[in-house]
There are 6 protein chains.
Amino acid sequence: MSVRINFINPFGTPVYNNLIKETLLSYARPDTEIVITNTENCPENIDYYYNKHIVELVVMEDVMRAEQQGFDAVIVGCCYDPGVRVARELVDIPVIGPLEATIMMAPYYGHDYVLVTDHHKAVPYLRDLTKLYGGPECRDVTCIDWWVTDMIRDTEGVAKDAIAKCRKAKEKSRAEVVVLGCTIIAASMEKWLIDTKAPRDETILNTNTFALKMAESLGDLKKQGLYNIDRGGYYQKPQQRNGSEFAEVRAKFGRPSAL
Amino acid sequence: MSVRINFINPFGTPVYNNLIKETLLSYARPDTEIVITNTENCPENIDYYYNKHIVELVVMEDVMRAEQQGFDAVIVGCCYDPGVRVARELVDIPVIGPLEATIMMAPYYGHDYVLVTDHHKAVPYLRDLTKLYGGPECRDVTCIDWWVTDMIRDTEGVAKDAIAKCRKAKEKSRAEVVVLGCTIIAASMEKWLIDTKAPRDETILNTNTFALKMAESLGDLKKQGLYNIDRGGYYQKPQQRNGSEFAEVRAKFGRPSAL
Amino acid sequence: MSVRINFINPFGTPVYNNLIKETLLSYARPDTEIVITNTENCPENIDYYYNKHIVELVVMEDVMRAEQQGFDAVIVGCCYDPGVRVARELVDIPVIGPLEATIMMAPYYGHDYVLVTDHHKAVPYLRDLTKLYGGPECRDVTCIDWWVTDMIRDTEGVAKDAIAKCRKAKEKSRAEVVVLGCTIIAASMEKWLIDTKAPRDETILNTNTFALKMAESLGDLKKQGLYNIDRGGYYQKPQQRNGSEFAEVRAKFGRPSAL
Amino acid sequence: MSVRINFINPFGTPVYNNLIKETLLSYARPDTEIVITNTENCPENIDYYYNKHIVELVVMEDVMRAEQQGFDAVIVGCCYDPGVRVARELVDIPVIGPLEATIMMAPYYGHDYVLVTDHHKAVPYLRDLTKLYGGPECRDVTCIDWWVTDMIRDTEGVAKDAIAKCRKAKEKSRAEVVVLGCTIIAASMEKWLIDTKAPRDETILNTNTFALKMAESLGDLKKQGLYNIDRGGYYQKPQQRNGSEFAEVRAKFGRPSAL
Amino acid sequence: MSVRINFINPFGTPVYNNLIKETLLSYARPDTEIVITNTENCPENIDYYYNKHIVELVVMEDVMRAEQQGFDAVIVGCCYDPGVRVARELVDIPVIGPLEATIMMAPYYGHDYVLVTDHHKAVPYLRDLTKLYGGPECRDVTCIDWWVTDMIRDTEGVAKDAIAKCRKAKEKSRAEVVVLGCTIIAASMEKWLIDTKAPRDETILNTNTFALKMAESLGDLKKQGLYNIDRGGYYQKPQQRNGSEFAEVRAKFGRPSAL
Amino acid sequence: MSVRINFINPFGTPVYNNLIKETLLSYARPDTEIVITNTENCPENIDYYYNKHIVELVVMEDVMRAEQQGFDAVIVGCCYDPGVRVARELVDIPVIGPLEATIMMAPYYGHDYVLVTDHHKAVPYLRDLTKLYGGPECRDVTCIDWWVTDMIRDTEGVAKDAIAKCRKAKEKSRAEVVVLGCTIIAASMEKWLIDTKAPRDETILNTNTFALKMAESLGDLKKQGLYNIDRGGYYQKPQQRNGSEFAEVRAKFGRPSAL
């Protein structure tokens, strides 16, 4: 029952792939296969919602392609969980967003959490996501004010700033758990922890890892015929209603009708 | 201080434009200029979130074009308020969604409201919007289960079904106000009310009308230099940070860099 | 379709009327007529709830008189929105409170807001109002600790204190928008902005202006026969049930039966 | 340590006093003294908010008079809790509203509650009160659609209708406790229970009784010097700031300055 | 109608009994009889939830014994309100927890409250309780970081630390009322207030006192046949369904079947 | 990295073990080892909270024993999630409750959920749990009104009643997902689905299965050194503070000090 997972780095460039590879693969089950890909021909950052919106469209296409290629589950590697809920409308394999997955597993680590993300532009959007997702009490959302394109050039700097910010945020909000609301911060800190062999005595959750665990679980259920997602409302599929219209829609907008 | 408003019908076809024209223009202020346009080369319905996502991208481009053409405000004519919040990131003119505008003016009409939309696929999404928007208590969200492409062929049938549903929803939820959570239902009922000269003794709110009133007000404020939207977070503009990147992003994705 | 609006300064004295006149009239539409009046024979401040309660009774009478005099809408010029919801029970023209109007339009300016009012006595009451109104997330309510009778003697001092407090409140609460929860603070700051020609680069909302815009919109709707407020519950009218009892009630309490 | 309580029937007429006397006095502690009075020269029902507003002003005066006459606590006998929170601003004795008192004691009787009040006009207002008060989960608010002036002429009819409605409301909302959100319904049912000696096997709470128990407790605390209400914000007293202004305010509005 | 109340000190030792006696008895009504007992053969602190769980089992037995001994009401003297809601399932006399009783009476003292408890371990649990109980707005939960076994050796130190913390918590949260979320802190401060005759000019609520007042009220109602608790759901009794099973359950677990 | 999981059936009897075995084991990963045990010397049902409380104490001991025996994770097989959060205080391996695990994974299956449990006594308690857990919107909690001891004698009858109730609950609440809030209902329905090979076209979630998936994931993380639960507050361990006291506490209460 080995599970094949496509981790889609949505940032429109392969430059983040190695960081994810180094920091994620060792936490997979031995029989899990992870393929890390990235979106193409789209913005290389999701710093603004317009970029995010374009990226999401490509993510949706990549998710459909992953299903066609036989993957059992997909992770979209960004804590905006970009395109994740819409993608569930399109495919029959589970689609996992790192933020949602982590928030829902956070209660095993502490009573409530604070969210630390990359820059201030993300803060209000993540406030909305925490409201929509529910889960344990989110006591605050804050950021380290780095842009993702800078992070990849100094992952150690990111890790250090993030740790300092996590401590400060925890003290200020008196939350018990810190959720790293940015996959590149999470990977940067993971890399630093691996490199320095620093002890993991603080409860700071790596959103990539939890996305992986959720993807393995849901991938199992998918293979066992237990991913019987409700298709009567929120996740009703456009293909079911009118397959040819769905193809036309894509063509009309200038996207390849055949994935 | 006359205000020029672009009402963008987002459904990718001009077939709804006349209905809006007939049912909206008479409620504008005498000095308000309304130009009704529609999105092009995109899905002709927003029944699924994938369609919605594509349409939103075109809406954002149309909103940017409207700003360049000197409009003072834009209405996006669908109760998903599609692309509205992201579009505010992109332009300096106010962007109005009919649902948000109506909910925020509903307290003048009654204590709480029930939302009646087109079909069951929209219900969970509108539940989320009412949660994010806030406003007076939303006592329920329900639908008449019509698709928009059928509505335009029988606006009278829509009106009659909607009135029956509004009464039922009001009785069941004991809400005081009914908000019509679909611009085409709202226009169909308006047309029927105009045609039959039926009395307006039920508090059923036409979301197009409230969008218009909100657009006039915000258009005034824009012209008076009072639309000083906060650009430090949620609505921070990508163009401010890196204008050339913004152009490239659009080009890269195959959209015209010059609007 | 010109709209006639009665702005009722509720503070029981004409001393605030000029300040409102100077800071509000220029934001009206050219065809809007605004008449600024004030309550009489009642407390000259609303610093305590007892005062507020008396003032509200006079406001209700003034609102009924405004309707008789043919006004299309009424603004009650205080951010307690004093008597506003009860007054909607009494008349068929829209009654606007500055706080409610501004909160409901705040989402066009930013993701969430902080409320800055006059003194600490108002803070818990405004907390309750923000809970009842709903609207975008209110991240905090705070004050500058001035009494209204002092403000009118030093509007510049008020403006400066308020700006400092707005910045501090925004930083502390990390809200994006500041709503000035006191019409006299709002007018004082407006006057200072006009006098000094200071740039409006901070998103601090003048509650009087938004009340005006809401009044113009609802006044339009009233004139168009679209202010079909629900009379079945919250806003059911006492006059409808028993007109003579309503007159008696007023007489019995020693208020003029004929307005 | 006997406690003297003034039960103010706020309805502007003595016709309800006997009903309260018959149904309340026997539940007082032996050493509690209860004096039942009624407001005068004001509306004789609180069916509309305008009436309520006038009545509240008289209630506040009656509460001040009760303090001067040495009462240890006051109950305002209506489930709108009319004037109760404002009256706490004015006096140093506790002021009890039947609705608030009962909601706060309801958790001893069951997990959640449904509120059954007199007529539909009261429903939205009570919804707001339950939101402001907090307390256990209110699963619904409904009514029997009687006016108070009819009730006093047929208390048995009221009792029977109320019991039927309580059962129906409980079944529909699946609440465990019914709170009678109208003091005259509560007294009518109490009278019927006493007269018929019917078993009290349903958990339907008489709001008068809980107001009495709360008044006895807070009256005790007052006598023991433990009613040290916070005077720094919500309940700050106008008399403290400026005693002569407070007297003038009352005189100016045509109310007796000396109570 | 004198009421007999059993105050159960749940900490498994008599060392706290005198402190409660000294600080509580004088606030009882003259005809109230209070018997202070303590749990036995169980942990002597409730610092951890495991301890709490064991203590709760003994509390439930003590509550059943209190009923058999003819008490009219029981107070469980700890602000975890340990075992209180489960105990209501077992007996027909009211069972009072100090935290719940105080929160529900706090609105008479101010608009909102902050909770000050003993140590940081209790903070998240009390956050949950305030969420479940409802009541007025809880603006924060904080602690003085003392363990109960240290407190009894230095009640004056506790009182002084608690007062300092209350002031700080009030300032930070801007709450109006402080609820002492630990009965031993509350008693220590009461003792200090009595000993020093310090004025009670700060609104800091002694949770023991409010539990007593609530117990007297509910004890009265019990004696009057008005404690008709709902036995259809949350408080349904195991003894009703199967009396012999209930006895066996206790025996099987090694607890005395006869109390 | 094979994971060893102890599924503790908490009902105090082995009679349910086979049902769990038949319906759960086939969904485990091939390398997962599941050992199904049951509590002993405790109540054989959790129909009342008193029973639950006793059972929880035994569950906690069983969880500690499971840790000593080298299990990597524990599932407590009842949807009250009995003793689960307290047990996390005691051990360093993850402790999973079926209800919490399922609610947190429900958003992958639909927008919101309705909870169907065994009997009406459980309903209010589960309402509280859904409030504390958070997660997606719980639109209602309802039950089939069976007792667990009857279920095991007629699992087919349970399955049929549960399916009928799920459909009804879904229609009434308009929720998209049904969560079976009782592990024995869930297993009964699973058995019926396996036996009849009925299609799984309705989104009814088996809480045992989700508990298993969550246990596998957290068991993985535990083995990888990534279960760094926060020990500073809610999950602070009593053993850390005072190991001998912890042993004494257990001894004093008559429980074996050595597990």
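For the numbers below, each heavy atom of this structure counts, side chains included, while hydrogens, waters and symmetry mates do not. The sequence lines fix the lettering, A, B, ..., with proteins before strands; numbering per chain opens at 1. The structure presented is a predicted model; accordingly, all values stated were derived computationally and were not measured.
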(request) Could you tell me which portion of Leu226(D) (side chain, backbone, both or neither) has an atom closer than 4.5 angstrom to a non-hydrogen atom of chain E? (result) both
(message) Sort by residue number and list every residue of residues 201-212 of chain D having at least one heavy atom under 4.5 Å from chain E.
(response) Glu202(D), Thr203(D), Ile204(D), Thr209(D), Phe210(D)
(request) Check the pair Asp31(E) / Arg29(D) against side chain to side chain contact (heavy atoms under 4.5 Å, CB included), numbers first and verdict last. (result) CA-CA 10 Å; Asp31(E) 59 351; Arg29(D) 293 166 7 198; 5.8 Å; no
(request) Identify the two heavy atoms, one from Lys213(E) and one from Asp220(D), that lie closest to each other, and give their separation to 0.1 Å. (result) NZ-OD2, 2.8 Å
(message) Does any backbone or side-chain atom of Arg231(E) lie under 4.5 Å from a heavy atom of chain D? Answer side chain, backbone, both or neither.
(response) neither
(request) Pull out the residues in residues 158-194 of chain E that come under 4.5 Å of chain D, heavy atom to heavy atom, sorted by number. (result) Lys170(E), Glu176(E)
(request) Would you mind telling me which of Ile103(E), Ile229(E), Val95(E) has the largest number of heavy-atom pairs within less than 4.5 Å of chain D? (result) Ile229(E)
(request) With a 4.5 angstrom heavy-atom cut-off, could you sort out which part of Val84(D) is near chain E: side chain, backbone, both or neither? (result) neither
(message) Can you list the residues of residues 105-113 of chain E that sit under 4.5 Å from chain D, counting heavy atoms only?
(response) Met105(E), Pro107(E), Tyr108(E), Tyr109(E), Gly110(E), His111(E)
(message) Sort by residue number and list every residue of residues 129-139 of chain D having at least one heavy atom under 4.5 Å from chain E.
(response) Tyr133(D), Gly134(D), Gly135(D), Pro136(D)
(message) At a heavy-atom distance under 4.5 Å, which candidate from Glu100(E), Glu216(E), Arg85(E) has the highest pair count against chain D?
(response) Glu100(E)
(message) Is Arg88(D) in contact with chain E via its backbone, its side chain, both, or neither, using a 4.5 Å heavy-atom distance?
(response) side chain
